[in-house]
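Report on the following structure.
Since the structure is predicted, the reported quantities are computational estimates derived from the model, not experimental observations.
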Amino acid sequence: MTNQAMILATQENGVLTITLNRPDRLNSFNDEMHRQLSDAIKLAERDETIRCLVITGAGRGFCAGQDLNDRNVSVGNETPDLGFSVETYYNPLIRRLTSLPKPIICAVNGVAAGAGAAIALAGDIVIAAKSASFIQSFCRLGLVPDSGGSWFLPQLAGHARAMGMALLGDKISAEQALQWGMIWQVTENEELSDTVNQLAMHLATQPTYGLGLIKKAIYAAATNTLDEQLDLERDLQRLGGRSEDYREGVSAFLNKREPQFKGR
């Protein structure tokens, strides 16, 4: 990492907490921040002791998406290739988050706009403070929702609401996002951290391998036919049944004790 830590990563009790740390820019991304985030996610991918990932933002925002200071289009200058930026940074990020075989909690502490909103919705469980909001701001710039935004929105909120959010760019409050099924929970501002930490520590004690299989099944359901999904469930159940955690879960149930899952 460089001297300026744009990403903070702390690990405790099986939970890796990644904090987007450019509060003066509402945690908007530049290329260096992407590189630092990529390094932090490697910890979650490679360290078996990490069994839950939390992503949040420093200051008053979660993430305002791309820092437009890095994408300024001045008269006479060549226009930037935004597709290159999406392909190089944002698409790999979303693919890594959605395929990570561990639960991810996104703690949305403030505004989540543009790609920042899509990153928030890429969390497996999204908990937002009451003051948080979600904005699909691309339409104001003549752009298209990226980072999976055009996929997450109709999947979570439905076609009509996705169209409205994407075409109008209106601010969606945390309470509205909850009502529309976009997120899991809304908390009081001052309770967000404690609520997320408690849930993360719980998830870090659960059968992590099985939770990863659940993620795979639910994401596949978006494009599978029923027959394909039934076959996938069979295959994933076979894998789950071979895990150490399944053996421990059954043993604990039969012996009326609390299970001690190892995450494998």
Side-chain angles (χ1 to χ4, degrees), residues 6-8 18-34 36-37 54-73 80 82-83 85-86 88-94 97-98 104-123 125-158 161-187 189 192 196:
M6 300 179 185
I7 298 294
L8 305 178
I18 292 177
T19 303
L20 310 180
N21 189 42
R22 295 187 76 210
D24 56 322
R25 296 287 186 180
L26 286 177
N27 303 317
S28 57
F29 276 90
N30 59 18
D31 292 355
E32 176 58 27
M33 185 173 169
H34 273 293
Q36 292 186 23
L37 178 58
V54 173
I55 302 176
T56 192
R60 60 190 179 88
F62 176 77
C63 178
Q66 176 64 41
D67 187 343
L68 294 181
N69 288 287
D70 277 21
R71 299 290 185 266
N72 187 26
V73 186
L82 300 186
S85 177
V86 169
T88 304
Y89 296 116
Y90 289 103
N91 285 357
L93 170 60
I94 298 302
L97 293 178
T98 54
I104 300 173
I105 303 173
C106 284
V108 185
N109 53 302
V111 64
I119 292 168
L121 298 179
I125 296 179
V126 185
I127 302 179
K130 275 192 174 179
S131 61
S133 59
F134 300 82
I135 309 173
Q136 292 299 317
S137 48
F138 298 94
C139 61
R140 300 174 183 173
L141 299 171
L143 298 178
V144 176
D146 61 23
S147 308
S150 65
W151 188 89
F152 287 118
L153 287 176
Q155 290 289 328
L156 297 170
R161 289 166 177 163
M163 277 294 190
M165 283 186 283
L167 294 175
L168 300 175
D170 290 348
K171 179 185 291 187
I172 305 301
S173 69
E175 293 284 0
Q176 188 71 72
L178 179 65
Q179 292 174 21
W180 286 1
M182 294 169 55
I183 64 176
W184 175 249
Q185 186 178 355
V186 174
T187 72
N189 295 339
L192 178 65
V196 169

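A perpendicular orientation is assigned to the rings of Tyr90 and His34, their planes being inclined by more than 60° (bins at 30° and 60°).
Partners of Asn189 under the side-chain hydrogen bond (donor to acceptor under 3.5 Å, both in side chains) rule, at least two apart in sequence or in another chain, are Ser131.
The distance from the CD1 atom of Ile119 to the CG atom of Leu37 is 7.0 Å, given to the nearest 0.5 Å. Here the CG atom belonging to Leu153 is positioned 11.0 Å from the CE atom belonging to Met163, to the nearest 0.5 angstrom. Annotation: the span from Leu156 atom CG to Leu121 atom CG amounts to 6.0 Å, rounded to 0.5 Å. The OG1 atom of Thr187 lies 10.0 Å from the CG atom of Asn109; values are rounded to the nearest 0.5 Å. Annotation: the span from Ile18 atom CD1 to Thr56 atom OG1 amounts to 11.0 Å, rounded to 0.5 Å.
Residues Leu97 and Ala122 share a closest heavy-atom pair of CD1-CB, 4.3 Å. Here the shortest heavy-atom pairing between Ala174 and Phe134 reads CA-CE1, 4.4 Å. Taking each heavy atom of Ser85 and Gln66 in turn, the nearest pair found is OG-OE1, 4.3 Å. Annotation for Cys139 and Leu168: closest pair SG-C, 3.6 Å, computed over non-hydrogen atoms. What you find for Ile7 and Gln36 is that their closest heavy atoms are N-OE1, 3.3 Å. Closest non-hydrogen pair, Tyr89 versus Asp31, comes out as CE1-OD1, 3.4 Å.
The side chain to side chain donor-acceptor pair (under 3.5 Å) analysis of residues 136-153, with sequence neighbours excluded, yields no pairs.
The only option from Val108, Ile127, Val186 that meets the side-chain contact (heavy atoms from CB on, under 4.5 Å) definition with Leu192 turns out to be Ile127.
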